[in-house]
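Everything below concerns the one structure shown next.
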Amino acid sequence: MRSAAARRCRVCGAEAQVYLRYARAAFCAKHFVEYIEGRVRRTMERYAMLRPGERVVVAVSGGKDSVTLAALLARILGGEAPERMLMLYMDLGIKGYSDKLREAVERLSGELGVKLMVVSLEELVGVASIYELARRARRATCSVCGTVKRYVMNAVAVEAGAVLATGHTLDDALAYIVKDFMYQDQERLSKWVPRTPAAPGAAPRIRPLIEVSERETLLYALMRGLPFVHEECPHRPRDSVEDATKDYLNRVEEAHPGTKISFLRRVVSRAAATGADEGGTPRTCTICGLVSRGDVCSFCRLTQRVLGEPMGPRVRRVVREKLASLGWL
Ligand code: AMP
Ligand code: FES
Ligand code: ZN
Ligand code: ZN
């Protein structure tokens, strides 16, 4: 926002609230909101993220990014949003945190007039918190959390017959890309397409905010007065490689505005050119039927080991019941 005050909005000439260096443009609050909406609309069109009539499950954590995503998609889908869009919140039972997030997402659902499905870890696997599940698995909380969230998000979208949308931003995407590069994980690098195609047991996935920075999602959420939670998860590791990478890229961006977006576009067009769709034969879990790297998916393996029973089939059943009670099926 630095140096915005003295400038005028590029659209209406009112006093500017935001200055975007890479775009060399200043905006008032109203026109900043419109500018971001236009960008996301164009990104979605350019990469054909949603097809006419296709339905979408939007994973909303209650943080600034996914709250902004849900609000943007509701505007982009307009009158079709109540029919085509379903918000999903996963309550992981984190004390003093999950409840706040849930309240924010419930409020947002009311404000947008979009259905919300809330699923708790307790309902899904009979364990009260992700911390407890990780403790019993003798693994880091965030790593178990990642396995569970990825599994549940995909399961919901598959059962709903919908595309899955997540709130990953430009900064998230670049942090993962740099990490994949560091580990020389060519397979993952070649998968950086904005719409991951459907595969057996896997719903198509889209990341509509892939060209929007975290600073912009924060400003968007603030300027529209959207309900969201600022706090970070208490189990989140400090000083992760991702965070250090984000800081570094923001310093490069500061000195060379526009670097981040052109970096992303190069990776994406290369992934598209090398045919990301063909990478590896997709397999399905012999227990739950959803996508898997091996015979049994990581979620069924984890729950089998820790709880004595692979929980994939139970999760799918709970999700189907919820969708039916929401009138979605
Ligand atoms: P994270 O892995 O926490 O950075 O989250 C990445 C994306 O996953 C978010 O932008 C959301 O779309 C989704 N997500 C994360 N946590 C949750 C949650 N508890 N409920 C629903 N969606 C979530
Ligand atoms: Fe999952 Fe923190 S442990 S969000
Ligand atoms: Zn203006
Ligand atoms: Zn499975």
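For the numbers below, each heavy atom of this structure counts, side chains included, while hydrogens, waters and symmetry mates do not. In each ligand, atom 1 is the first atom listed, and ligand 1 is the first ligand listed.
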For N/O/S atoms only: which one belongs to His31 and is nearest the Zn ion (ligand 3)? ND1

Shortest non-hydrogen contact between Pro310 and Gln304, atoms and distance: CD-OE1, 3.4 Å

Counting only heavy atoms from other residues, nucleotides and ligands, does the tally under 6.0 Å from CD of Glu83 exceed 12? no

Look at atom 4 (S) of ligand 2 and find which of Cys233, Ser98, Cys142, Pro234 reaches it with the closest heavy atom. Cys233

Rounded to the nearest 0.5 Å, how far does OG of Ser262 lie from NE2 of His256? 11.5 Å

Can we say Arg238 and Asp243 salt-bridge, meaning some charged N sits less than 4.0 Å from an Asp/Glu carboxylate O? no

Could you tell me, atom by atom, which parts of ligand 2 come under 4.0 Å of a heavy atom of Cys145? 1 (Fe), 3 (S), 4 (S)

Please identify which atoms of ligand 2 are closer than 4.0 Å to at least one heavy atom of His235. 3 (S)

Please state whether the rings of Trp192 and Tyr176 are parallel, tilted or perpendicular, taking 30° and 60° as the class boundaries. parallel

Could you tell me the angle subtended at the Zn ion (ligand 4) by SG of Cys288 and SG of Cys300, rounded to 10°? 110°

